[in-house]
Amino acid sequence: MQIELLRSSQDGQPRKASSLSPLSMNLPAGTGRDAFHCVPNYRPEDGDAVERVPTRFRGSRRELVRRILSLLPLVTISLCASATEFHVATHGHDANRGTRKAPLRTIQRAAELAQPGDTITVHEGVYRERINPPRGGTSDRKRIVYQAAQGERVEIKGSEVVKGWEKVQGNVWKVTLPNSFFGRFNPYRDLIRGDWFERKGRDHHTGAVYLNGDWLTEAAVLDEVLMEGSPPWVTKNAALNPQLWFAQVDGLHTTIWAQFKGVNPNEQLVEINTRQTVFYPDQPGRNFITVRGFLLRHAATPWAPPTAQQIGLVGTHWSKGWIIENNVISHSTCSGIALGKHGDEHDNTSANTAEGYVKTIERAHAHPIPWTRENIGHHVVRHNTISHCEQAGLVGSMGCAFSTITGNVIHDVHVRRLFTGAEMGGIKFHGAIDTLIRGNHIYRTCRGLWLDWMAQGTRVSGNLFHENLYEDLFVEVNHGPFVVDNNVFLSPTALLDMSQGGAYAHNLFAGRLVTTEEPTRQTPYHPAHSTTVAGLSAIKGGDNRFFNNLFVGTGGSPGEVAKDDKRHRRVSGYGLWVYDLREYPLLTGGNIFYHR
């Protein structure tokens with residue numbers, strides 16, 4: 001006999017538990033399979049008679065049922081042991097058991113205890129810690145869930161509150177902290193650097209200073225903090241907080257100078273970055289983790305190019321099957337969510353070359369957890385609000401493959417523009433194979449969505465883009481096929497197309513289209529639904545499909561080529577004539593062109 005039980009999954013939906021035989025229930029001795037065996041020839045008219053039932057179980061059906069029911073507590077205990085809920089609260093203690101009445105104090109302690117199938121519920125309050133999950137789940141149905149308690153405001157920060165500020169002059173204050181305050185990682189000596197990073201002639205650190213939730217601006221030199229007024233580079237950029245800070249680190253101490261105009265910082269909420277990340281495993285391959293319902297803020301994240309380990313305020317670290325949902329993620333020095341690459345000794349050694357990234361892809365295939373459909377990606381990032389990140393809201397090199405990005409609001413990304421480079425955007429993905437990007441609202445970024453290399457089988461559907469500085473969508477050196485449908489592009493530049501093999505249908509393009517070629521870079525293409533590299537090829541442009549789109553605007557002229565762009569032969573304008581110089585033809589039909 002088998003007992004079929006229904007149990008709740010971590011998302012609250014009922015599901016059938018494994019069929020439990022007597023042997024799997026740890027039953028008392030003498031209650032093996034034979035004790036429950038019923039003859040397949042049983043007939044209803046036989047009433048209570050059951051053939052071949054052992055003597056001790058003979059008797060009425062009521063007695064048999066009573067004996068079976070007496071075993072159910074053992075089943076319940078077994079199931080509870082395999083699906084524990086740990087509670088964390090600000091009034092808890094890490095020596096507690098983690099029950100609702102005796103909660104733990106830190107999320108990290110709960111992470112150390114949690115096993116596949118368990119849930120960690122965090123109750124209202126502010127938690128200043130970095131969560132490094134030591135393990136993940138084993139499947140989508142046995143994941144480890146980290147969640148905020150329903151209806152409670154749970155904030156996890158990579159910063160610490162700092163008091164003890166001393167007034168220097170005017171609005172300038174300073175504080176001196178022992179380097180031990182930061183432990184092994186001091187953001188104020190940690191320079192932002194890496195492949196495809198441009199420092200604009202000055203140093204930048206991953207540290208930050210916050211006054212009542214708003215981050216101040218790092219000065220280039222101490223004199224800019226001490227001077228009367230603001231330097232010109234501050235007054236020219238409305239996105240910058242005019243209050244500046246600067247730090248110096250010696251062998252023992254870290255000193256921070258900051259401007260607090262009209263307030264005493266000791267009477268306000270002043271926080272500083274102290275942690276590189278907020279939720280990120282230190283090793284790859286920690287799969288099937290859910291992060292749900294938190295406010296996650298303040299991380300000293302590094303620059304995250306596709307050729308290095310990509311660490312975000314929240315990050316999956318070369319793994320599979322995460323769900324990141326219903327969170328508010330903000331104020332990351334570089335990236336908010338990273339679905340990215342593992343690290344190795346070759347990080348940031350590509351010399352900013354396509355050949356360097358091709359080698360990175362080869363190493364990803366040779367990694368102990370190789371870049372394959374079976375091992376990597378399949379993440380779900382949904383219904384989050386991501387803002388105030390100075391590189392990307394979402395970033396991912398190869399680790400974003402086979403994922404679903406849906407229903408997110410992404411805004412105010414790379415708006416301060418203190419540094420620059422080639423890796424900034426609301427979403428910046430490399431290798432988004434078979435990835436769905438749908439129903440997102442992306443605005444006030446430098447670039448809304450940047451699909452760079454290997455967007456094959458990718459679908460961009462039903463997104464709203466506006467107020468993006470450069471363009472809403474940039475598709476770079478992809479060979480297709482990919483689909484762009486039912487989107488609304490409202491920024492001055494709707495599309496920058498340096499790819500081929502795209503299908504565009506039912507979109508509203510209210511900005512200009514820019515087309516280019518890329519004859520000098522050889523980039524990969526793949527067999528369908530696979531990460532295997534089938535070959536390398538340059539981008540000649542065209543070979544797109546445009547059906548049932550609405551194009552609005554006028555400007556430019558057919559045959560116009562941007563000056564000093566012999567390599568890319570860039571053409572900009574409104575309408576599909578911008579593809580006239582491309583080598584491959586288009587397939588078009590049902591489009592409407594409105595020249596306002």
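Quick caveat: nothing in here was measured; it's all calculated off a predicted structure.
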J.: Using a 3.5 Å distance criterion without hydrogens, assess whether the side chain of D497 forms a donor-acceptor pair with backbone atoms of L513.
T.: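 Not confirmed, D497 side chain does not pair with L513 backbone.
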
J.: Hey, are the side chains of Y146 and I131 touching, using non-hydrogen atoms and a 4.5 Å cut-off?
T.: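 Yes - at least one pair of side-chain heavy atoms lies under 4.5 Å apart.
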
J.: Taking the six-membered ring for Trp, are the ring centroids of F419 and F197 within less than 6.0 Å of each other?
T.: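 Yes; F197 has its ring centre under 6.0 Å from that of F419.
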
J.: Donor-acceptor pair, Q310 side chain versus A304 backbone, under 3.5 Å?
T.: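 A pair under 3.5 Å: yes.
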
J.: Do NZ/NE/NH1/NH2 and the carboxylate oxygens of D140 and K142 come within less than 4.0 Å?
T.: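 No, D140 and K142 are not salt-bridged.
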
J.: Can you tell me if T301 and S332 form a side-chain donor-acceptor pair at under 3.5 Å?
T.: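 On atom types as modelled, these side chains qualify, holding a pair under 3.5 Å.
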
J.: Is a side-chain donor or acceptor of S530 paired with a backbone partner of P527 at a separation under 3.5 angstrom?
T.: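 The answer is no, because no donor-acceptor pair under 3.5 Å joins these two groups.
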
J.: Decide yes or no on ring-ring contact (aromatic ring centres under 6.0 Å, His included) for F402 and H379, but give the supporting numbers first.
T.: CA-CA 7 Å; F402 315 110; H379 304 300; over 10 Å; no

J.: Are the ring centres of F489 and H466 closer than 6.0 Å?
T.: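 So the answer is no for these two rings.
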
J.: Side chains of T520 and E518: is there a donor and an acceptor less than 3.5 Å apart?
T.: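 Yes, because at least one side-chain N or O of T520 sits under 3.5 Å from a partner of the opposite role on E518.
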
J.: Can any side-chain N or O of T274 pair as donor or acceptor with the backbone N or O of G158 at less than 3.5 Å?
T.: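 Checking the backbone N and O of G158 against the side chain of T274, a donor-acceptor pair under 3.5 Å is found.
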
J.: Please tell me if the side chains of Q309 and P302 come closer than 4.5 Å, counting only heavy atoms from C-beta onward.
T.: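 Heavy-atom side-chain distance check fails, nothing below 4.5 Å.
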
J.: Can you see whether S159 engages R297 through a side-chain donor-acceptor pair at a distance of less than 3.5 angstrom?
T.: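 The criterion, which ignores hydrogens and geometry beyond distance, is not satisfied for R297 and S159.
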
J.: As an exercise, state the distance from CD1 of I156 to CG of L295, rounded to the nearest 0.5 Å.
T.: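 Answer for the CD1-CG pair, I156 versus L295, is 9.0 Å.
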
J.: With the side chain counted from C-beta on, respond yes when V533 and H526 share a heavy-atom pair under 4.5 Å apart, and no when they do not.
T.: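 Yes, side chains in contact.
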
J.: Is a side-chain donor or acceptor of H365 paired with a backbone partner of I361 at a separation under 3.5 angstrom?
T.: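 Yes; at least one donor-acceptor contact below 3.5 Å.
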
J.: Is the shortest side-chain heavy-atom distance between F246 and I256 below 4.5 Å?
T.: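 F246 vs I256: side chains apart.
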
J.: Measure the shortest side-chain to side-chain distance between W322 and H378 over non-hydrogen atoms and say whether it is less than 4.5 angstrom.
T.: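 Not touching, per the 4.5 Å side-chain cut-off.
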
J.: Would Y584 and Y579 count as a close aromatic pair, with their ring centres under 6.0 Å?
T.: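 No, too far apart.
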
J.: Is any NZ, NE, NH1 or NH2 atom of the basic residue among R373 and D434 found under 4.0 Å from an Asp or Glu carboxylate oxygen of the other?
T.: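 Result for this pair is yes, salt bridge flagged.
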
J.: Hey, is E517 close enough to K540 for a salt bridge, meaning N to O under 4.0 Å?
T.: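 Salt bridge: no.
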
J.: Is there a donor in the side chain of Y470 and an acceptor in the side chain of T445, or the other way round, less than 3.5 Å apart?
T.: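 Note: Y470 and T445 side chains miss the donor-acceptor criterion.
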
J.: Counting N and O atoms only, with roles assigned by atom type, does the side chain of N507 sit under 3.5 Å from a partner on the main chain of N487, one being a donor and the other an acceptor?
T.: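 Answer holds: yes.
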
J.: State whether K200 and E198 are salt-bridged, where the test is any N-O pair (Lys NZ or Arg NE/NH1/NH2 against Asp/Glu carboxylate O) under 4.0 Å.
T.: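 No.
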
J.: As an exercise, state the distance from CD1 of I410 to OG of S387, rounded to the nearest 0.5 Å.
T.: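 Rounded to the nearest 0.5 Å, the CD1-OG separation comes to 10.5 Å.
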
J.: Report yes if the side chains of I192 and C334 come closer than 4.5 Å at any heavy-atom pair, otherwise no.
T.: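 In contact.
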
J.: Among side-chain atoms of D94 and T106, is any donor-acceptor pair under 3.5 angstrom?
T.: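 Looking only at side-chain atoms, T106 and D94 do form a donor-acceptor pair, the distance falling under 3.5 Å.
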
J.: When you measure from the side chain of S139 to the backbone N and O of R141, does any donor-acceptor pair fall under 3.5 Å?
T.: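 Such a contact is found between S139 side chain and R141 backbone.
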
J.: Carefully, step by step, assess I311 and Q276 under the rule side chain to side chain contact (heavy atoms under 4.5 Å, CB included).
T.: CA-CA 8 Å; I311 300 173; Q276 188 177 52; 3.7 Å; yes

J.: side-chain hydrogen bond (donor to acceptor under 3.5 Å, both in side chains), that's the test. Do D214 and N241 meet it? Break it down for me.
T.: CA-CA 8 Å; D214 187 18; N241 187 326; 3.1 Å; yes

J.: Check this for me, if you would: do K341 and D347 make a salt bridge, where the nitrogen-to-carboxylate-oxygen distance has to be below 4.0 angstrom?
T.: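 Looking at D347 together with K341, the answer is yes, because their closest N to O distance falls below 4.0 Å.
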
J.: Distance-only, no hydrogens or angles: does the N478 side chain make a donor-acceptor pair with backbone N or O of L451 under 3.5 Å?
T.: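 The answer is yes, because a donor-acceptor pair under 3.5 Å joins these two groups.
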
J.: State whether R447 and E423 are salt-bridged, where the test is any N-O pair (Lys NZ or Arg NE/NH1/NH2 against Asp/Glu carboxylate O) under 4.0 Å.
T.: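 Here R447 does not pair with E423 in a salt bridge, since their nearest N and O are not under 4.0 Å apart.
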
J.: Would a 4.5 Å heavy-atom cut-off, applied to side chains only, mark V484 and L473 as touching?
T.: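 Heavy-atom side-chain distance check passes, below 4.5 Å.
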
J.: Kindly determine whether E471 and R512 satisfy salt bridge (Lys or Arg N to Asp or Glu O under 4.0 Å), including the steps that lead there.
T.: CA-CA 9 Å; E471 58 271 332; R512 69 180 64 86; over 6 Å; no

J.: Evaluate the side chain to side chain contact (heavy atoms under 4.5 Å, CB included) criterion for residues L449 and D472: first the C-alpha distance (whole Å), next the side-chain angles of each, then the deciding distance (0.1 Å), finally the verdict.
T.: CA-CA 6 Å; L449 170 60; D472 287 332; over 6 Å; no

J.: Salt-bridge test for E160 and R275: reply yes if a basic N is under 4.0 Å from a carboxylate O, no otherwise.
T.: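 Yes, charged N to carboxylate O under 4.0 Å.
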
J.: Applying side chain to side chain contact (heavy atoms under 4.5 Å, CB included), run through M424 and R417 and close with a yes or a no.
T.: CA-CA 10 Å; M424 302 88 62; R417 300 191 296 281; over 6 Å; no

J.: Judged by modelled atom types alone, do T523 and H479 share a side-chain donor-acceptor pair under 3.5 Å?
T.: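 Yes, because at least one side-chain N or O of T523 sits under 3.5 Å from a partner of the opposite role on H479.
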
J.: Would you compute the distance between atom OG1 of T277 and atom CG of N132 and round it to the nearest 0.5 angstrom?
T.: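 Reported to 0.5 Å precision, the distance equals 9.5 Å.
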
J.: I'd like to know if the side chain of D452 reaches the main chain of W450, judged simply by a donor and an acceptor atom lying under 3.5 Å from each other, with no hydrogens or angles considered.
T.: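 Between the backbone of W450 and the side chain of D452 there is no qualifying donor-acceptor contact (under 3.5 Å).
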
J.: Does the ring centre of H342 sit less than 6.0 Å away from the ring centre of H317?
T.: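 That pair fails the under 6.0 Å test.
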
J.: For R193, does the CZ atom sit with more than 12 other heavy atoms under 6.0 Å from it, leaving out its own atoms?
T.: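 12 or below, so no.
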
J.: Measure the shortest side-chain to side-chain distance between L496 and V475 over non-hydrogen atoms and say whether it is less than 4.5 angstrom.
T.: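 Sidechains of V475 and L496: no contact.
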
J.: Between T254 and N179, is any side-chain donor less than 3.5 angstrom from a side-chain acceptor?
T.: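 Side chains of T254 and N179: pair found under 3.5 Å.
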
J.: For R438, I'd like to know if atom CZ has over 12 heavy atoms of other residues, nucleotides or ligands within 6.0 Å.
T.: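 12 or below, so no.
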
J.: With no hydrogens and no angle check, do the side chains of T516 and R569 hold a donor and an acceptor under 3.5 Å apart?
T.: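 Not at all, the side chains of T516 and R569 share no donor-acceptor pair under 3.5 Å.
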
J.: State whether the side chain of N327 and the backbone N or O of F294 hold a donor-acceptor pair below 3.5 Å, judged by distance alone.
T.: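 Judged by distance alone, yes, a pair lies under 3.5 Å.
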
J.: Does a salt bridge link D282 with R286, judged by any charged N lying under 4.0 Å from a carboxylate O?
T.: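 A salt bridge links D282 with R286.
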
J.: Given side chain to side chain contact (heavy atoms under 4.5 Å, CB included), test I433 with H529 step by step and report yes or no.
T.: CA-CA 7 Å; I433 296 172; H529 316 300; over 6 Å; no

J.: Just to verify, which of N186, D190, T333 counts as forming a side-chain hydrogen bond (donor to acceptor under 3.5 Å, both in side chains) with T206?
T.: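 Between T206 and the candidates, side-chain hydrogen bond (donor to acceptor under 3.5 Å, both in side chains) is satisfied uniquely by D190.
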
J.: So, applying side-chain contact (heavy atoms from CB on, under 4.5 Å) with I437, which one of T406, I405, I442, T404 is it?
T.: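 Exactly one candidate clears the test, I405.
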
J.: Output the distance between atom CD (E355) and atom NZ (K359), rounded to the nearest 0.5 Å.
T.: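 Taking CD in E355 and NZ in K359, the distance rounds to 10.0 Å.
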
J.: For side-chain hydrogen bond (donor to acceptor under 3.5 Å, both in side chains), just list the numbers for D195 and S350, CA-CA rounded to whole Å, side-chain angles, deciding distance to a tenth of an Å, and then say yes or no.
T.: CA-CA 7 Å; D195 289 348; S350 75; 2.9 Å; yes

J.: What's the spacing between N273 CG and Y210 OH if we round to 0.5 Å?
T.: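 So the CG of N273 and the OH of Y210 are separated by 3.5 Å.
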
J.: In this structure, is the centre-to-centre distance between the rings of W245 and Y188 below 6.0 Å?
T.: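 That pair passes the under 6.0 Å test.
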
